[in-house]
Colleague: 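Have a look at the structure that comes next, please.
Hydrogens, waters and symmetry mates are skipped; everything else that's a heavy atom, side chains included, is used. Chain A is the first sequence line, chain B the second, and so forth, proteins listed ahead of strands; every chain is numbered from 1.
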2 protein chains.
Amino acid sequence: MNIGDIARITKLPAKTIRYYEDIGLVNPARDDNAYRRFNDSDVHKLGFIGRARSLGFTIEDCRALLALYEDKDRASADVKQIAQHHLALIDVKIAELKAMRTALGHLSESCAGDHRPDCPILEGLSVSSQTKSG
Amino acid sequence: MNIGDIARITKLPAKTIRYYEDIGLVNPARDDNAYRRFNDSDVHKLGFIGRARSLGFTIEDCRALLALYEDKDRASADVKQIAQHHLALIDVKIAELKAMRTALGHLSESCAGDHRPDCPILEGLSVSSQTKSG
DNA sequence: ATAGGGGTTCCTGTAACTGGAAGGTCAAGA
DNA sequence: TCTTGACCTTCCAGTTACAGGAACCCCTAT
């Protein structure tokens, strides 16, 4: 199967699949015309990577997870450690975004959003609010 | 004041301040020795940018917000529109991260995380779960 | 003179691709 | 046979918002 077929199956852009080959995540065979030829194992690998990426794992995480997947003697603890670390990062990001959301939400709510120039959002951005201690 | 002083005041790295000058967000004067010389207006601008960045606004958003700040005839609606758009992006990101968190949380919970090789996390990544329709 | 702690520019690298140019390949149709 | 169109190839540049580091200049104190 050619790259276009694989793109349809895995729902990864062909560009992305070429990139994954570039960085050594997959290693499809080549036909005489230099076209990449993918087998079932390649498809499975790319699916695996796609799903890991959609869970937010970095490319290097994906590489590590793939290696663990292919090591039938791995300890599940090794996999879980990667997952837990990633979960912690996700939690941090969620917390940061929620803090932004709250702060900006307050500013935005207090802004009339009309034709007048008075704008609490700009005022809020223009002063260093030192609500904490003094 | 030199760049180091401004870095301390605004809590932005000197590298970042130079970068902001590169892309035209600020335009400090220069001394004879080529050192950047910042005035109060520069400091205020950088503080403004820093606070906007900490709320997650992109650099281009910051540029637009600064322009609006300096346009005393702006309509607050223009500012609010940028803020609301950004809030919507934040909400999308939070939702995405929460979905990841949930999915990965389930996988991770079901993994023993011990010396044995059996790992629901890897199994989950290796199959395309088609829970939705058929 | 020297040491240190500033400052300067310029180049490279980051993450994970995406877009586009220039060109080869293949199957179908006139 | 020629052409059209959809494939495929490689390679280079751009994205975001900086950070790291090299090579070098400036200033002050000792």
Colleague: What heavy-atom pair brings A/F38 and A/I3 nearest, and what distance separates the two atoms?
Modeller: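 Here A/F38 and A/I3 meet closest at CE1-CA, 3.7 Å.
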
Colleague: How about A/L87 and B/M100: do any of their side-chain heavy atoms sit closer than 4.5 Å?
Modeller: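 A/L87 does not reach B/M100 side chain to side chain.
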
Colleague: Are the side chain of B/N33 and the backbone of B/Y35 linked by a donor-acceptor contact shorter than 3.5 Å?
Modeller: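 Yes; at least one donor-acceptor contact below 3.5 Å.
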
Colleague: Carefully, step by step, assess A/D118 and A/R116 under the rule salt bridge (charged side-chain N to carboxylate O under 4.0 Å, His left out).
Modeller: CA-CA 6 Å; A/D118 317 82; A/R116 291 172 299 173; 5.0 Å; no

Colleague: Measure the spacing between CD1 of B/I6 and CD1 of B/I17 and express it to the nearest 0.5 Å.
Modeller: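 Reported to 0.5 Å precision, the distance equals 7.0 Å.
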
Colleague: Under 4.5 Å between any side-chain heavy atoms of A/L122 and B/R74, yes or no?
Modeller: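 They are in contact (side-chain heavy atoms under 4.5 Å apart), so the answer is yes.
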
Colleague: Could you check if a side-chain atom of A/Y69 sits within less than 4.5 angstrom of a side-chain atom of A/L65, using non-hydrogen atoms only?
Modeller: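 They are not in side-chain contact.
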
Colleague: Just wondering, do B/E96 and B/V92 contact through their side chains at under 4.5 Å, heavy atoms?
Modeller: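 Yes, close enough: below the 4.5 Å cut-off.
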
Colleague: Answer yes or no: is there a donor N or O on one side and an acceptor on the other, between the side chain of A/R37 and the main chain of A/A29, under 3.5 Å?
Modeller: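 Pair absent, no side-chain N/O of A/R37 close to backbone of A/A29.
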
Colleague: Within residues 57-70 of chain B, which residues have any heavy atom lying less than 4.0 Å from an atom of DNA chain D?
Modeller: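 Of all residues in residues 57-70 of chain B, the ones placing a heavy atom under 4.0 Å from DNA chain D are B/T58, B/I59.
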
Colleague: What residues from residues 33-40 of chain B pass a heavy-atom cutoff of under 4.0 Å to DNA chain D?
Modeller: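 By residue number: B/N33, B/Y35.
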
Colleague: Among B/H86, B/Q81, B/Q84, exactly one meets side-chain hydrogen bond (donor to acceptor under 3.5 Å, both in side chains) together with A/S108. Which residue is that?
Modeller: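 It is B/Q84; the other options fail the test.
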
Colleague: Taking five pairs at each end, how big is the angle between the two axes of the helix from C/dA1-D/dT30 to C/dA30-D/dT1, to 10°?
Modeller: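 What I find for the helix from C/dA1-D/dT30 to C/dA30-D/dT1 is an axis angle of 40°.
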
Colleague: Side chain of A/R51, backbone of B/V127: donor and acceptor closer than 3.5 Å?
Modeller: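 Yes, A/R51 side chain to B/V127 backbone: donor-acceptor pair under 3.5 Å.
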
Colleague: Near DNA chain D, under 4.0 Å by heavy atom, which residues of residues 6-31 of chain B?
Modeller: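 Result for residues 6-31 of chain B: B/P13, B/K15, B/T16, B/Y19, B/Y20, sorted by number.
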
Colleague: Distance under 4.0 Å to a non-hydrogen atom of chain B counts as contact; along DNA chain D, which nucleotides mark the start and end?
Modeller: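 In short, chain B contacts DNA chain D from D/dA17 to D/dC27.
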
Colleague: Show me, pair by pair, the donor-acceptor contacts under 3.5 angstrom made by side chains of residues 41-50 of chain B, not counting sequence neighbours?
Modeller:
| unit_1 | atom_1 | unit_2 | atom_2 | d |
| --- | --- | --- | --- | --- |
| B/D42 | OD2 | B/N39 | N | 3.0 |
| B/H44 | NE2 | A/S126 | O | 3.0 |

Colleague: Pair B/E60, B/R63 - check salt bridge (charged side-chain N to carboxylate O under 4.0 Å, His left out), show working.
Modeller: CA-CA 5 Å; B/E60 289 315 308; B/R63 199 189 297 277; 2.9 Å; yes

Colleague: For A/A14 and A/A7, which heavy atoms make the closest approach, and how far apart are they?
Modeller: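 Residues A/A14 and A/A7, closest heavy atoms: N-CB, 4.0 Å.
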
Colleague: Check A/S76 against B/A112 and note the closest heavy-atom contact, atom names and distance.
Modeller: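 Looking at all heavy atoms of both residues, the closest pair is OG-C, 4.2 Å.
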
